[in-house]
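Here is the structure we will look at.
Remember, it's 1-based here, ligands and their atoms both numbered in the order they're listed.
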Amino acid sequence: MRKIVKENYQEMCSDICQEIIMTIKTKPDALICIAGGTTPLGVMEQLVLELKSKQIDYSNVKFISLDEWVGISKETPGSCLETLDTNLFSKLHLKDEQVIFFDGKAKDLNNECLKMNKELAMFGPIDIIILGIGMNGHIGFNEPGVDVNLDAHIVDLDDTTKQVMGKYFKEQIQLEKGISLGFRQIKAARKIIVMANGEHKKTIVNKVLTSTPDVKIPATILKDVDNCTLIIDKQANGE
Ligand code: GLP
């Protein structure tokens with residue numbers, strides 16, 4: 001894992017946006033994965049502007065889901081799908097077949113995992129994946145203690161995740177489980193970018209940087225991965 005510190009959030013997002021654009025230019029049918037959550041919102045904003053203003057052909061690109069809260073889907077503001085749809089997919093007017101997403105409301109969640117594994121076997125590996133870091137070091141919903149050999153799987157949300165989840169939703173909802181791509185699929189991506197910004201991420205970023213790879217802090221699992229870059233702003237750097 002390489003570490004890059006940028007002056008501010010805008011610069012981080014701009015660099016990451018350019019990486020995605022480069023991926024699409026090199027491979028017009030690229031498979032792209034962008035985490036839900038707050039961190040990548042600036043990347044989505046810049047990506048929409050760049051793809052449109054530079055008239056880049058993204059008609060064959062596919063976007064694949066990283067994770068979702070179990071029990072909710074697109075109709076719930078703050079779900080991963082709603083976040084990506086509002087900020088990226090709908091703005092790009094993507095065709096249905098360009099979006100492969102977990103349905104957090106699926107009756108058969110195991111089947112939902114199998115479906116995702118099949119999609120990845122067919123269209124994968126992911127060409128570029130943009131990840132955030134949870135306050136407990138989680139990646140997607142790969143929570144502390146995760147089995148790193150898993151593909152898509154259902155997880156019990158960690159206590160920290162349950163505490164933090166309120167920030168995503170207008171209404172108070174209590175969710176217990178998540179559905180997520182596994183580390184096997186994440187690590188197989190051709191390019192991995194982990195991003196973190198802001199003072200509130202400084203402690204966890206520091207823990208990731210100073211710990212040896214251990215599932216107790218899931219993001220550390222990516223430290224051994226060559227094609228992985230951690231991009232942070234000055235506020236999230238050092239402690
Ligand atoms: C969330 C999501 C992840 C996200 C991470 C960080 O719970 N499951 O996909 O990357 O935690 O979220 P944020 O960017 O909002 O800090």
Hey, which atoms in ligand 1 end up nearer than 4.0 Å to a heavy atom of Ile133? 6 (C)
Which residue and heavy atom of the protein sit nearest atom 14 (O) of ligand 1, plus the separation: Thr39 OG1, 2.4 Å
Do Glu119 and Lys62 meet the salt-bridge criterion of a basic N to acidic O distance under 4.0 Å? no
Can you tell whether the side chains of Arg190 and Asp127 come within less than 4.0 Å, N to carboxylate O? yes
Here the salt bridge (charged side-chain N to carboxylate O under 4.0 Å, His left out) pairs for residues 16-26, sequence neighbours left out, are Glu19-Lys191
Need the ligand 1 atom indices (1-based, order shown) with element for anything under 4.0 Å from a heavy-atom of Gly37. 14 (O), 15 (O)
Out of all atoms in ligand 1, which are within 4.0 Å of some heavy atom of Leu66? Include the element for each. 9 (O)
Below 4.0 angstrom from a heavy atom of Phe141, which ligand 1 atoms are there? Numbered from 1 as shown, please. 7 (O), 8 (N)
Measure the CE-CD1 distance between Met12 and Ile193 for me, rounded to the nearest 0.5 Å. 10.0 Å
If you scan protein heavy atoms around atom 5 (C) of ligand 1, the nearest is His138 NE2, 3.5 Å
Pairing donors with acceptors under 3.5 angstrom, does anything connect the side chains of Asn117 and Gln185? yes
Flag for Asn237-Lys3: side-chain donor and acceptor within less than 3.5 Å: yes
Results of side-chain hydrogen bond (donor to acceptor under 3.5 Å, both in side chains) for Ser211 - residues two or more places apart only: none
Can you confirm, on distance only, whether ligand 1 has an N/O atom lying under 3.5 Å from any N/O atom belonging to Thr161? no
For atom 16 (O) of ligand 1, what's the nearest protein heavy atom and its distance? Lys201 NZ, 2.6 Å
Is the side chain of Tyr58 donor-acceptor paired with the backbone N or O of Ile21 at a distance under 3.5 Å, no angle test? no
Find the distance between CE (Met1) and OG1 (Thr229) and round it off to the nearest 0.5 Å. 8.5 Å
Taking only non-hydrogen atoms of Lys167 and a 4.0 Å limit, the atoms of ligand 1 in range are 13 (P), 15 (O), 16 (O)
I'd like to know whether ligand 1 has Leu131 as a neighbour, heavy-atom separation below 4.0 Å. no
Which atoms of ligand 1 are found less than 4.0 Å from any heavy atom of Ala35? 9 (O), 10 (O)
Find the distance between OG1 (Thr83) and CD (Glu68) and round it off to the nearest 0.5 Å. 8.0 Å
For atom 2 (C) of ligand 1, grab the closest protein heavy atom and report residue, atom and distance to one decimal in Å. Asp67 OD2, 3.5 Å
Heavy atom of the protein closest to atom 15 (O) of ligand 1 (residue, atom name, distance): Tyr168 OH, 2.6 Å
Hey, which atoms in ligand 1 end up nearer than 4.0 Å to a heavy atom of Gly132? 10 (O)
Nearest to atom 4 (C) of ligand 1 by heavy atom, Gly36, Ser65, Gly134: which? Gly36
Atoms of ligand 1 less than 4.0 Å from Gly140 heavy atoms? 3 (C), 8 (N), 9 (O)
